[in-house]
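Scope of the values below: all heavy atoms of this structure, side chains included, with no hydrogens, waters or symmetry mates. This structure is a prediction, so every number in the text was calculated from the model and none was measured. Both ligands and their constituent atoms are indexed starting at 1 by order of listing.
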Amino acid sequence: MNKIYFDHAATTAVSKEVFKAMEPYFCEIYGNANSQHSFGQAAEGAVAKARKQVAAALNCAAGEIYFTSGGTESDNWAITGAAYANIKKGKHIITSNIEHAAVLETCAKLGKQGFEITKVPCDKQGIIDLDKLKAAIRPDTALISVMAANNEIGTLQPVKEIAALCKAAGIICHTDAVQALGAVPLDVKDLGVNLLSVSAHKINGPKGIGALYIKAGTKMDKLIVGGHQERTYRGGTTNVPLAVGFGQAIEIAVRDLEKNAAYVTALRERFIDGVLKEVPYVRLNGHRTKRLPNNASISFEFIEGESILFSLDLAGIACSSGSACSSGSLDASHVILALGYTHDIAQGTVRFSFGTDNTAAQIDYCIEQLKTIVERLRKMSPLFAEAKTEKKLI
Ligand code: PLP
């Protein structure tokens with residue numbers, strides 16, 4: 001059985017081109033990028049090139065790119081770094097109730113340290129309510145952090161409008177663009193944000209590296225002290241092969257963005273149309289069009305998402321319930337609950353995320369499998385039996 005991977009929002013394979021670019025930096029060009037000699041200079045040259053590649057992809061200066069270990073670290077740094085360094089402005093932070101745990105838990109940590117956190121709700125389609133965000137702004141608001149694209153339901157947020165509100169009120173604007181990178185254009189100047197988090201492994205780059213864009217002039221606390229790396233803001237010997245891999249991956253992702261987005265959008269549409277037509281009692285989560293090209297989040301009523309995942313896995317199809325980070329926990333997805341749905345609906349949610357290595361034939365096979373799996377699981381579902389007897393089915 002050929003395995004089918006529909007979990008590109010969780011992670012992606014390192015592309016051959018990226019792997020090839022990284023390879024020499026493990027055993028041949030292994031110098032410490034901070035050493036003065038020729039070994040060090042060769043390594044530093046590679047890191048400088050990678051930094052330029054990331055900067056070019058985001059339309060900023062290389063000096064505004066700081067390498068991190070990934071999206072989680074970038075989010076942690078963006079929020080704590082801006083909060084601590086701008087305490088004179090105030091201790092109020094605004095975020096949304098559908099952020100990734102890397103943002104929500106960092107805010108919760110700050111909450112325990114005397115910062116006040118306001119979580120702005122989203123509408124039924126998962127778009128942040130701008131009026132509520134505007135109303136939440138106070139003179140002591142120092143930071144607003146709203147993600148560019150949601151990792152579970154794929155909704156795209158009005159980051160440019162949020163950044164404009166921030167600018168008018170002298171507030172630092174951060175966006176978690178981990179899922180948006182390579183999927184939608186990301187131009188930090190056009191967006192007007194101060195801070196933007198990205199990660200390599202979502203775009204066919206290696207795991208364990210990401211970056212934080214810090215607009216020149218933004219007041220930030222250092223993340224890791226004890227080294228001169230990343231202009232003393234994040235000390236520690238630079239991981240040269242990973243930086244090289246990230247640089248290569250982001251250059252390719254941005255170069256091929258339009259072509260790739262068109263390809264995966266067609267797969268997504270084929271999948272959504274097929275599932276909505278062929279499988280009864282399902283709903284698509286998130287906005288119908290303002291969503292990531294590769295995301296289809298579907299709630300299957302009366303059954304558990306985990307059971308669907310397990311059955312699909314047996315049929316050779318890999319996807320995810322909610323986000324990869326929260327699957328494994330029995331908690332219902334905070335994102336689906338934030339849309340106003342019940343725990344039962346949240347528990348019946350599955351995220352399918354496509355990539356350019358997927359095909360229309362795989363989509364059709366998955367829809368066929370879903371038809372039988374869902375029918376079989378519903379036959380065993382007390383919730384479905386109850387709904388049938390109480391004539392709750394429409
Ligand atoms: N933010 C979002 C929106 C994500 O989807 C993820 C990963 O799934 C992260 C942050 C964390 O990124 P990383 O896995 O690079 O730590």
Here the atoms of ligand 1 under 4.0 Å from any heavy atom belonging to Gly70 are 15 (O)
His201 heavy atoms within 4.0 Å reach ligand 1 at atoms 13 (P), 14 (O), 15 (O)
Honestly, for Ala102 the part within reach of ligand 1 (heavy atoms, under 4.0 Å) is neither
The complete set of salt bridge (charged side-chain N to carboxylate O under 4.0 Å, His left out) pairs with one or both residues in residues 56-81, sequence neighbours excluded, reads Glu73-Arg234
side-chain hydrogen bond (donor to acceptor under 3.5 Å, both in side chains) filter on Thr141, not counting sequence neighbours, yields His92
In terms of its nearest heavy atom to atom 13 (P) of ligand 1, the top option of Ser69, Gly71, Ala101, Ala149 is Gly71
Are Tyr30 and Tyr25 close enough that their ring centers fall under 6.0 Å?
no
So for Asp75 against ligand 1, with non-hydrogen atoms under 4.0 Å, the contacting part is side chain
- Query: Taking both backbone and side-chain atoms of Glu73, is any N or O found less than 3.5 Å from an N or O belonging to ligand 1?
  - Reply: no
Salt-bridge test for Glu368 and Lys371: reply yes if a basic N is under 4.0 Å from a carboxylate O, no otherwise. yes
Counting from 1 in the order shown, the ligand 1 atoms closer than 4.0 Å to a non-hydrogen atom of Thr72 are 11 (C), 12 (O), 13 (P), 16 (O)
Look at ligand 1 and say whether Lys202 reaches it with a heavy atom at a distance under 4.0 Å. yes
Donor-acceptor under 3.5 Å (Gln362 side chain, Lys3 main chain) | no
Residues Ile303 and Ser381: closest non-hydrogen pair is CG2-CB, 4.2 Å
